[in-house]
**Q** 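Structure provided below as structure tokens; questions to follow.
Note that this is a predicted model, so its numbers are computed, not measured. Sequence positions, counted from 1, serve as the residue numbers for this chain.
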Amino acid sequence: QVQLVESGGGLVQAGGSLRLSCAASTTIFSFTLMGWYRQAPGKQRELVADISSGGRTNYADSAKGRFTISKDNAKNTVYLQMNSLKPEDTAVYYCNGQLFGSISYWGQGTQVTVSS
């Protein structure tokens with residue numbers, strides 16, 4: 001079974017930065033698409049950013065210009081660099097990997113808290 005493990009969350013002041021990492025137990029070449037989602041209390045899980053196997057990126061409007069998704073194939077890791085963080089970015093961030101055939105795997109999540 002594929003495992004995705006997120007790390008890098010924490011507490012940061014508004015305007016600060018964090019880099020989240022998602023380490024996969026298998027080669028990330030297996031995934032047609034990998035992405036970061038977040039879920040705040042009482043809200044639905046939403047897409048933040050994703051990246052295709054070919055390296056094409058996609059961002060939510062709220063993330064565009066502030067967040068950058070990237071990957072290191074050699075390390076089987078996907079990153080989310082988050083800059084200019086805002087309190088509304090506070091959420092549990094989840095890594096998602098989609099295999100061919102739309103089979104998805106989720107990490108356990110990492111908490112990001114942005115204080116004013």
**Q** If every non-hydrogen atom of Gln39 is compared with every non-hydrogen atom of Lys43, which pair is closest and at what distance?
**A** NE2-O, 3.1 Å

**Q** Please assess Met82 against Ser17 for the test side chain to side chain contact (heavy atoms under 4.5 Å, CB included), listing each intermediate value before the final yes or no.
**A** CA-CA 5 Å; Met82 304 186 293; Ser17 299; over 6 Å; no

**Q** For residues Leu85 and Val48: do they belong to one hydrophobic cluster (side chain heavy atoms under 4.5 Å, members Ile, Leu, Val, Met, Phe, Trp, Tyr)?
**A** yes

**Q** Looking only at heavy atoms, what is the nearest atom pair of Cys22 and Trp36, with distance?
**A** CB-CZ2, 3.6 Å

**Q** Would you find a donor on one side and an acceptor on the other, under 3.5 Å apart, between the side chain of Asn96 and the backbone of Tyr105?
**A** yes

**Q** Determine whether a donor-acceptor pair (N or O, by modelled atom type, separation under 3.5 Å) exists between the side chain of Glu6 and the backbone of Gly109.
**A**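 Pair found, side chain donor or acceptor close to backbone of Gly109.
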
**Q** Do Thr57 and Asp50 have side chains that get closer than 4.5 Å, going by heavy atoms?
**A** no

**Q** What's the verdict on side chain to side chain contact (heavy atoms under 4.5 Å, CB included) for Arg56 and Asn58, showing C-alpha distance, side-chain angles and the deciding distance?
**A** CA-CA 7 Å; Arg56 182 172 294 277; Asn58 177 58; over 6 Å; no

**Q** Quick one: are Val5 and Gln108 in side-chain contact, heavy atoms under 4.5 Å?
**A** yes

**Q** In this structure, would Leu99 and Leu4 fall into the same cluster of hydrophobic residues linked by side-chain contacts under 4.5 Å?
**A** yes

**Q** Take atom CD in Gln3; do more than 12 heavy atoms of anything else shown fall under 6.0 Å from it?
**A** no

**Q** Strictly distance-based, threshold 3.5 Å: is any side-chain N or O of Thr32 a donor or acceptor partner for the main-chain N or O of Gln98?
**A**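 Indeed, once roles are kept as given, a pair shorter than 3.5 Å links the two residues.
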
**Q** Going from CZ on Phe31 to CD1 on Ile103, what distance comes out if it is rounded to the nearest 0.5 angstrom?
**A** 11.5 Å

**Q** Would you say the side-chain atoms of Asn76 pair up with the backbone N or O of Ile28, donor to acceptor, closer than 3.5 Å?
**A**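 Here the side-chain-to-backbone pair exists.
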
**Q** Looking at Asp89 and Arg66, is there a salt bridge between them, counting it only when a charged N and a carboxylate O are closer than 4.0 Å?
**A**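 Here Arg66 pairs with Asp89 in a salt bridge, since their nearest N and O are under 4.0 Å apart.
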
**Q** Please find the pair of heavy atoms, one from Lys71 and one from Ser52, that lie closest to each other, and give the distance.
**A** NZ-O, 3.0 Å

**Q** If we only count heavy atoms from C-beta on, is the Leu33 to Ser53 side-chain gap below 4.5 Å?
**A**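 Of all side-chain heavy-atom pairs linking Ser53 with Leu33, none is under 4.5 Å.
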
**Q** For Ala49 versus Leu80, what's the shortest heavy-atom pair and its separation?
**A**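 In this case the closest contact between Ala49 and Leu80 is CB-CD1, 4.2 Å.
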
**Q** Can Arg38 and Thr110 be said to form a side chain to side chain donor-acceptor pair (under 3.5 Å), step by step?
**A** CA-CA 9 Å; Arg38 68 187 181 190; Thr110 185; over 6 Å; no

**Q** Does Val78 reach the side chain of Ile69, with side-chain heavy atoms less than 4.5 Å apart?
**A**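 Side-chain contact under 4.5 Å: yes.
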
**Q** Thr68 versus Tyr79: any side-chain heavy-atom pair under 4.5 Å?
**A** no

**Q** Keeping Tyr93 on the side-chain end and Ser7 on the backbone end, is there a donor-acceptor pair under 3.5 Å?
**A**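 Judged by distance alone, no pair lies under 3.5 Å.
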
**Q** Establish whether Met34 and Tyr59 are linked, either directly or via other cluster members, by ILVMFWY side-chain heavy-atom contacts under 4.5 Å.
**A** yes

**Q** Consider only side-chain heavy atoms of I, L, V, M, F, W and Y, link residues closer than 4.5 Å, and tell whether Val12 and Phe67 are in one cluster.
**A**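 Cluster IDs for Val12 and Phe67 match.
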
**Q** Do Leu20 and Val112 have side-chain heavy atoms sitting under 4.5 Å apart?
**A**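 Answer yes - side chains close enough.
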
**Q** Answer yes if the side chains of Asp72 and Thr77 hold a donor-acceptor pair under 3.5 Å, and no otherwise.
**A**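 The criterion, which ignores hydrogens and geometry beyond distance, is not satisfied for Thr77 and Asp72.
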
**Q** Are any of the side-chain heavy atoms of Gln44 and Tyr37 separated by less than 4.5 Å?
**A** no

**Q** Which heavy-atom pair separates Ala14 from Pro87 by the least distance, and what is that distance?
**A** CB-CD, 4.1 Å

**Q** Ignoring hydrogens and geometry beyond distance, is a side-chain donor-acceptor pair present between Asn83 and Gln81 at under 3.5 Å?
**A**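 The answer is yes; a qualifying pair exists.
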
**Q** Distance from Leu11 atom CG to Thr90 atom OG1, nearest 0.5 Å?
**A** 8.5 Å

**Q** If you measure from CD on Glu88 to OG on Ser116, what distance do you get to the nearest 0.5 Å?
**A** 8.5 Å

